[in-house]
Protein chains: 2
Amino acid sequence: MTQKVTIHDVAQQAQVSVGSVSRALNNYPHVSEELKSRVMAAALELDYQPAFLAHGLRRGQTNSVGFLVGTIANPVISTIFEAASEALSAKGYAVTLVSSRNQAELDVACLRLLARRQVSGLIVSSAAESPEPARRYLGELGIPTVMLDREATSDELVFAVQSDHESSMREAVAHLIRRGDREIAFIGGPEDFYPTRQRFLAYQAALLDADLPQRPELIRFTSFNERAAYAEALLLLQSRPLPSALIVAGNIILAGALMALQDLGLVVGRDIALVACDDINLTRLYRPPITAIRRDLKLLGVTAARLLLRGMQAEHSEIERIIKLPTKLVLRESTQYARALPRSAPAAGKERANGTILN
Amino acid sequence: MTQKVTIHDVAQQAQVSVGSVSRALNNYPHVSEELKSRVMAAALELDYQPAFLAHGLRRGQTNSVGFLVGTIANPVISTIFEAASEALSAKGYAVTLVSSRNQAELDVACLRLLARRQVSGLIVSSAAESPEPARRYLGELGIPTVMLDREATSDELVFAVQSDHESSMREAVAHLIRRGDREIAFIGGPEDFYPTRQRFLAYQAALLDADLPQRPELIRFTSFNERAAYAEALLLLQSRPLPSALIVAGNIILAGALMALQDLGLVVGRDIALVACDDINLTRLYRPPITAIRRDLKLLGVTAARLLLRGMQAEHSEIERIIKLPTKLVLRESTQYARALPRSAPAAGKERANGTILN
DNA sequence: GCAAAAGCTGAAAACGATTTCCGACAGCTT
DNA sequence: AAGCTGTCGGAAATCGTTTTCAGCTTTTGC
């Protein structure tokens, strides 16, 4: 219906065979200039666009990539997606996005859907750190895949782009300790979720560096769900003594924690220092502005896209399979003054209201 | 490569012809139980999944829909998308998302891309109120389309789901006026952008209702770009006398305005009342919480999906072509106290810190 | 008990492109 | 002038399905 004009119409219009039309349009060698121009003219006049399905069926490839996310309703993911999608569509690929709705058990189903559509490549940033089935299925699939801020697999066709969560988290914790904080709480996502794990490891390492004990009651892991994060934060913040600093690993958890702080009448920066992971509008615009670990989300997306493009071009051998991108600690007022210290003695001179970027 | 097992393999395994396999798998009438079960067993054993491309080519439909947005990196859009996408994939449709990057001139190109992929349906929520070319192209395409919170067209295959921006905006302005505000500023997106226009019309109407004059210097339109919104807000807030209330029509504009307020040292709720459109994390969690016009974004997405599904089922005649969904005004502290009134006399008893939902 | 109808299945024709195969023709060389 | 080489373009095979057609077997109706 929609696609009325076929290659046959063009052939008839140009008075040549369909094979010639195909060759002319696809820049094959040994096509005379005269024929080529005649075909071009006919194609242009009829506004011919080769049928995607027939093309793909014959060629065995779809020029489309699948993007699996846990949810797209998350500013971090959607920014990454936007950048990746732009880079991919610039190279002629269309992107079909599927969401597993943060349910690990749906991951395989989503991947099957994409595989059935014969996507040429995959970018996976499913929220659930797909325990095993999904990872194994990914290997069997044999489709070039980029894991986005997720654990890589040993598969030859599976690549990864990751953020260096650790260095900035160590820096953040060290900064808090330098300020005088001793009771530093940590709320993360699921414990087996790659970014959470990396951040938590760094948190532990930083405490160890400073010879501070790890306090289990100050460490919480929660699911990706504001309500759950709120509940955990509420429990944590009702324990006494109140920790002097709180690190939240993820923007949904940040939302839950802010809600809990608000309900308990605690003021960020005055009653408790706050460090967030991922610098979003909320951290920047909140009063007081919230110290955050920032990463270049667009770069993350574009890098994933580029890596995938290379991965789809069959020369996998000499590609570096894992790329790690830097993060930056942005200091803001939420860690400037704190209960633990006299208000007149901010920790360091290098902090400014708008946030100084270290690293 | 990827798709190794074809219908022929299944046919061979089950010792039947390919036609029978197809019929058995697609629940055709007049297929014996025995044959069906044999085919099922074979298909299951071989893990057969019909090749999407061949299927689509033959059937003339792709069971996929295109979703055009101006940007997905916007919490409102991404939430709507998520809901729509979920509803569509429940019915077996895959969704390919393309972003025109807020550039109206790219709209047609994006639509062409989707049309070439022979999507069965379209949902369009491009940020640019596509002047004419895109709308006309949409008509020519002949693909069932749902405009999402955009102006409808008269085309038979073009439907629309819209939010009732007007009633809540009138209510909001009336509320401000009741509080005592007389100088109510308005910053909107592009003037020809559907939601902006609706909101602005309601703003005008509410002023008229109260016999208040319209003050051109308090009305600004800006592009969808935080920097531009920031600049407009800065100019507006530097004019004297300072308006006692500010309405921002859109979440990007909200971010720019908050930045400007912050840079000018103005405190929301104390120095100026603030009303936002779209209730996002930021409005809820900001201190003080910001009064906002809320709409059920998931419902918006699901409704668009349902409407499209009906639109794709060929019986267009008796479908209502435009659906309008309600909005709600959520009162919060940002409009509770204001310069214009003595602090001891909050406007109404029905406001609570957490926001009371009217309407 | 027999014609007609209905049920079931295999063979083959689509769908619209790409790609292989092969013959025609021009331009050379011997 | 015959034979060879290389370019060009038409015909046909192919991709993996669905769907039509036709043939065979069974049931049904009278």
Side-chain angles (χ1 to χ4, degrees), chain A residues 1-43 46-64 92 94 115-120, chain B residues 1-43 46-64 92 94 115-120:
Chain A
M1 302 285 163
T2 308
Q3 189 67 17
K4 291 201 85 90
V5 40
T6 78
I7 200 171
H8 290 97
D9 302 325
V10 179
Q12 189 168 10
Q13 170 94 1
Q15 300 285 359
V16 293
S17 77
V18 291
S20 302
V21 174
S22 175
R23 278 184 298 255
L25 255 32
N26 293 19
N27 280 322
Y28 271 53
H30 312 318
V31 174
S32 68
E33 278 308 318
E34 195 259 338
L35 180 132
K36 192 184 285 192
S37 69
R38 221 167 53 199
V39 168
M40 289 293 193
L46 270 54
D47 189 30
Y48 168 69
Q49 291 187 262
F52 156 73
L53 290 168
H55 175 103
L57 178 58
R58 187 62 238 249
R59 276 262 175 97
Q61 46 147 251
T62 53
N63 270 49
S64 64
R116 186 162 174 285
R117 303 234 150 198
Q118 289 179 250
V119 293
S120 318
Chain B
M1 301 283 164
T2 308
Q3 189 66 17
K4 293 199 86 93
V5 39
T6 78
I7 200 171
H8 289 96
D9 302 324
V10 178
Q12 190 167 11
Q13 170 94 2
Q15 299 285 359
V16 294
S17 74
V18 292
S20 300
V21 174
S22 176
R23 278 184 298 255
L25 256 32
N26 294 19
N27 280 324
Y28 271 53
H30 313 319
V31 175
S32 71
E33 279 309 318
E34 194 260 338
L35 181 134
K36 192 184 285 193
S37 70
R38 221 165 55 199
V39 168
M40 288 293 192
L46 270 54
D47 190 29
Y48 167 68
Q49 291 187 262
F52 156 72
L53 290 169
H55 175 101
L57 177 58
R58 186 60 237 245
R59 274 265 176 94
Q61 46 147 264
T62 53
N63 270 49
S64 64
R116 185 162 176 286
R117 302 235 151 198
Q118 291 179 248
V119 292
S120 319

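In the text below, chain A, chain B and the rest are named by the order of the sequence lines, each starting its count at 1. Excluded from the calculations below are hydrogen atoms, water molecules and symmetry mates; all remaining heavy atoms, backbone and side chain alike, are included.
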Worksheet entry | d(CD, Gln49(B); P, dG16(D)) in whole Å | 15 Å
Worksheet item: Can you list the residues that meet the side-chain hydrogen bond (donor to acceptor under 3.5 Å, both in side chains) rule with Arg38(B), with sequence neighbours excluded?
Response: Glu34(B)
Discussion item. For Leu53(A), give me all partners under side-chain contact (heavy atoms from CB on, under 4.5 Å), at least two apart in sequence or on another chain.
Written reply: Phe52(B), Leu53(B), Leu57(B), Thr62(B), Gln118(B)
Item to complete: Can you see which heavy atom on Ser64(B) is nearest to which on Arg117(A), and at what distance?
Response: CB-NH1, 3.2 Å
Practice prompt. Taking side-chain hydrogen bond (donor to acceptor under 3.5 Å, both in side chains) as the test, write out the residues that go with Gln13(B), two or more places apart.
Written response: Glu45(B)
Worksheet item: Heavy-atom contacts under 4.0 Å between residues 54-62 of chain A and DNA chain C, which residues?
Response: Ala54(A), His55(A), Leu57(A), Arg58(A), Arg59(A)
Item to complete: Check DNA chain C against residues 21-28 of chain B and give the residues with a non-hydrogen atom under 4.0 Å, in numerical order.
Response: Arg23(B)
Practice prompt. May I ask you to list the residues of residues 29-42 of chain A, by number, that have any heavy atom positioned under 4.0 Å from an atom of DNA chain D?
Written response: His30(A), Val31(A), Ser32(A), Leu35(A)
Fill in: Under 3.5 Å: donor-acceptor pair, side chain of Ser120(B), backbone of Asn63(B)
yes
Worksheet, complete the sentence: Contacts of Ser17(B) meeting side-chain contact (heavy atoms from CB on, under 4.5 Å) (sequence neighbours excluded), chain-then-number -> Ser20(B)
Worksheet entry | Strand contacts (DNA chain C) in residues 8-19 of chain B, 4.0 angstrom heavy-atom criterion | Val16(B), Ser17(B)
Under 3.5 Å, which N/O atoms of the protein pair with N/O atoms of nucleotides 27-29 of chain D?
none

Worksheet item: Are side-chain heavy atoms of Pro29(A) and Arg23(A) found at a separation under 4.5 Å?
Response: no
Discussion item. On a heavy-atom basis, which atom in Ala43(B) and which in Val10(B) lie closest, and how many Å separate them?
Written reply: N-CG1, 4.0 Å
Discussion item. Does Asn27(A) form a side-chain contact (heavy atoms from CB on, under 4.5 Å) with Lys36(A)? I'd like the steps, not just the answer.
Written reply: CA-CA 9 Å; Asn27(A) 280 322; Lys36(A) 192 184 285 192; 3.6 Å; yes
Worksheet item: Closest heavy-atom contact between Val5(B) and Asp47(B)?
Response: CG1-O, 4.0 Å
Response to the item:
Bend of the helix from dG1(C)-dC30(D) to dT30(C)-dA1(D) from end-axis comparison, five pairs per end, nearest 10°, comes to 50°
Discussion item. Less than 4.0 angstrom between a side-chain N/O of Ser20(B) and OP1 or OP2 of dC8(C), yes or no?
Written reply: no
Discussion item. How many whole angstroms separate atom CD of Gln118(B) from atom P of dG16(C)?
Written reply: 9 Å
Worksheet, complete the sentence: Rounded to whole Å, CD1 of Ile7(A) lies from C1' of dA12(D) at a distance of 14 Å
Practice prompt. Using the test side-chain contact (heavy atoms from CB on, under 4.5 Å), find all partners of Val18(B) that sit at least two apart in sequence or belong to another chain.
Written response: Ile7(B), His8(B), Ala11(B)
Worksheet item: Are the side chain of Asp9(A) and the backbone N or O of Thr6(A) linked by a donor-acceptor pair below 3.5 Å?
Response: yes
Fill in: Nearest-0.5 Å distance that lies between atom CD in Gln49(B) and atom NE2 in His55(B)
13.0 Å
